[in-house]
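One structure below.
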Amino acid sequence: MTVVARRARGATSGAGRLAVALLSPTFVVLALVVGYPLVAALRESVFREGTDLDESGFVVEGARFVGVDNYASVFAGESAVRFWNAFSNTTVFTVITVSLEVVIGVGMALVMHHALCWRGVVRASILVPWAVPTAVSALLWRWIFQADGVANSIIGQQVLWTTEGWQAKFAIILADVWKTAPFVGLLVLAGLQIIPNDVYEAARVDGASPWRQFWRITLPLVKPALLVAVLFRVLDALRMFDLPYVLIGPRKASAETLSMLAFEEAASLRFGPAAAYATLLFVYVAVTALVFVRLLGADVIGAARERAAKR
Amino acid sequence: MGVRTTALRATAALGVAVLLASCGSGGNDTGEQTGGALEGRGEITFATGKDTSNNMQKLVDEWNASHPNEQVRIIELPESADAQRQQMVQNAQVKSDAYTILNLDVVWTAEFAANRWVVELPTDQLGLDKFLEPAVKTAQYRDKLYAVPVYSDGGLLYYRKDLLDAAGVKPPKTWAELIAACQAVKPAQPAIGCYAGQFEKYEGLTVNFDEAVHSAGGDVVDASGKPVVDSPEAKAGLDALVTAFQQGVIPQKAITYKEEEGRRAFQAGELVFHRQWPYQWNLAGKTDGSSQVAGKFDVAPLPGIDGPGSSTLGGHNFAISAFGKNKATAVDFIKFFSGEAAQRSNLLATSQAPTLASLYDDAELIKQFPYLPMLKASILSAKPRPQAVKYGDVTQAIQEAAYAALTGEKTSEVALKELQAKLQELVK
């Protein structure tokens, strides 16, 4: 497939020029909406706002260039503890939620795929959580997890979910899995629908059990779609902000993520340090994405191409 | 570092490309930021939090009818206080003239004044001697006036009159009496919680912590603005709350309470005492079935360690943006809005505490709001939260320390010592 692609790319130079002309609006838009904020944030992260007061109590205005000071102070003293705590929270949330979402999402996709009757209803109801805005679902879950809430009356104990501790993490993970497993399910369902039926027929003729069919046929063939889903989810989960912020609240060590650190700084008008946090998060996300694509071979564009070729 | 850079900075940090548009609106850099001349008449805007009762609009309509050439337009900001502050700050940073009058929370005065985002106001023109003095103080920064207090607020001790009467005890004046009153009530009501305030990690915790410290005779920062929170008095105040949590005087779940969670608990009859703002009076008194305690409660001043306690001041002040146009109109409108007629109509419509002293002594109003004399006493003896330029950092430090002590993560001594060190860093 790559050979074909390469040959097509290196066609005539006239076609190349046309391609450049046709693509340039896209690049201009990308430069404006992706490139510019990125560069601006990087630039911002090496400045610091003046916060000193003059004799009559007024703030001395102006930002100073501080080089890598904003980054250095992230890793110094108390803020280092806070940063690494947020870093590990972010990582833990990402690993656990995405793993659970993959298992549950694949299950959901199979149910949606094989539903014989009420297909529309089954699919729609599975997708409802995904359609609810995150902040709203966080409010719903906060209501469930409050001291006199549904969660406590179901387990018959009073757990204070929104206080510091493992229970806060658990609440976030549960709410996040509830909300985004359908997303994984949706992408996997798309993958399932392009697996031709005759493969299964052949397997049945050969006497393969449903379990074996799932491991040997369904999973390998749905893998490209699944990997794309996982990649999207990982990138999304690393930026997690609204759910812990609304459900548990700001500045709680058990729930603080990297995005929340950047937000807190920006809300305190320290845009330099905020940009430094945001940049660090960006680097973390970018490295994760790169590793993911390299190691696991998640081929975002290739998967789409393959799918198109199969039709 | 001009208008553009600041705008870009805000944009970059938040990563919101949409904000780019606001660069354009930050047009005029006349650089005029001093309080001297409040000139110009014409249309103005009034940026405020949600107008839940619609009474603001009613008052603005009234004003507009009599001032055809000086129309006022309300700009409603988001409901959450943090989001309101952020929008106002962003507007100030790009020097936009979109907001003329700003409805500021009392704790924002120092930040907005020190950054020259609001202008100094002429004290002699505003008749401030008729206002409650503590409320006026919240509008000052370094002894200069930057805003006019329009809404005030003070904490009250709501108590279950029926239960106290049945047990034959009077409303408590001290913390020890409060605990004794609970013990007297307990035999008849074994499941009831004794006391709650606002203890979730948010601004309400700062309010409750300050009250505990002040009510024990301590201070967070002294009159000259120096942090003094590692005093024995402050420790006694914080310890009262910590012990109350440990002994179950405050129910465990109250650590998750903001105003509304606590109100629900009080209305469901789960609490004997509740520290709350005046707004609970109407809601808890509703007889439509939403409140189990209608007609069964009353209010008292907050209890202290040895004598009566001291509330934390709440409320809102109106200030004029340094970048707004038509400041003369703005001054007149603020006079109108803080005048007696407007404040009376506000109290009737929203039951928010007025800032004019005379309204608290008005027999007609007391008939409708029986708690007014109590509230006046509460506000007159109330203490402000630290008036710091970096108030956001100050309140976070306070919440950090208080929450750690209340949840038993740190002893109150360690928490206060760390808080003292942090405050010294922040209030330099």
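Just so it is clear, the structure is predicted and the values come from calculations on it, not from any experiment. In what follows, every chain begins at residue 1, and chains take the letters A, B, ... in the order their sequences are listed.
For residues 141-149 of chain A, a heavy-atom distance under 4.5 Å to chain B picks out A:Arg142, A:Gln146, A:Ala147, A:Asp148, given by residue number. Contacts between residues 70-89 of chain A and chain B, defined by a heavy-atom separation under 4.5 Å, are made by A:Glu78.
Contacts between B:Tyr403 and chain A at a heavy-atom distance below 4.5 Å involve the side chain alone, from C-beta outward. In this structure, the portions of A:Glu164 lying under 4.5 Å from any heavy atom of chain B include both its backbone and its side chain. Only the side chain of B:Glu270 comes within contact range of chain A, with at least one heavy atom under 4.5 Å from a heavy atom of that chain. For B:Lys390, the part sitting under 4.5 Å from any heavy atom of chain A is the side chain, from C-beta outward, and nothing else. For chain B, the nearby part of A:Ser56 is the backbone; its heavy atoms alone come within less than 4.5 Å. Neither the backbone nor the side chain of B:Glu409 comes within contact range of chain A; no heavy atom of the residue lies under 4.5 Å from a heavy atom of that chain. In this structure, chain A has no heavy atom under 4.5 Å from any part of B:Ala268.
B:Gln387 and B:Thr109 form no side-chain donor-acceptor contact under 3.5 Å, judged by distance and modelled atom types alone. Inspection of the B:Tyr99 and B:Gln87 side chains reveals an N or O donor paired with an N or O acceptor under 3.5 Å. With hydrogens and angles left out, the side-chain atoms of B:Thr395 and B:Gln399 include a donor and acceptor closer than 3.5 Å. No side-chain donor from either of A:Tyr245 and A:Ser259 sits under 3.5 Å from a side-chain acceptor of the other.
Of all non-hydrogen atoms in A:Ser45 and A:Ala276, the two that sit nearest each other are CB-N, 3.6 Å. What you find for B:Gly225 and B:Val427 is that their closest heavy atoms are O-CG1, 3.4 Å. Across all their heavy atoms, A:Ala151 and A:Trp161 have their closest contact at CB-NE1, 4.0 Å.
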Practice task
Starting from the C-alpha separation in whole Å, work towards a yes-or-no answer on side chain to side chain donor-acceptor pair (under 3.5 Å) for B:Asn208 and B:Gln198.
Solution key: CA-CA 6 Å; B:Asn208 279 259; B:Gln198 293 78 44; 2.9 Å; yes
* Test ring-ring contact (aromatic ring centres under 6.0 Å, His included) applied to A:Phe263 and A:Phe241, step by step -> CA-CA 9 Å; A:Phe263 176 84; A:Phe241 170 78; 5.0 Å; yes
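A salt bridge links A:Arg270 with A:Glu265: at least one charged nitrogen is closer than 4.0 Å to a carboxylate oxygen. Salt bridge present: A:Asp236 and A:Arg233 bring a charged side-chain N and a carboxylate O closer than 4.0 Å. Salt-bridge formation is not detected for the pair B:Glu400/B:Lys422: no Lys NZ or Arg NE/NH1/NH2 atom is positioned less than 4.0 Å from an Asp or Glu carboxylate oxygen.
Put simply, OG on A:Ser254 and CD on A:Gln167 are 7.0 Å apart, with the number rounded to the nearest 0.5 Å.
Heavy-atom pairs under 4.5 Å with chain A were tallied for B:Glu200, B:Lys144, B:Glu261; the largest tally goes to B:Glu200. The most heavy-atom pairs under 4.5 Å with chain A, out of B:Val389, B:Ile255, B:Thr407, B:Asp393, come from B:Asp393.
Checked against B:Trp117 for a ring pair (Phe, Tyr, Trp, His ring centres under 6.0 Å), the options B:Trp108, B:Phe112, B:Tyr141 give a single hit: B:Phe112.
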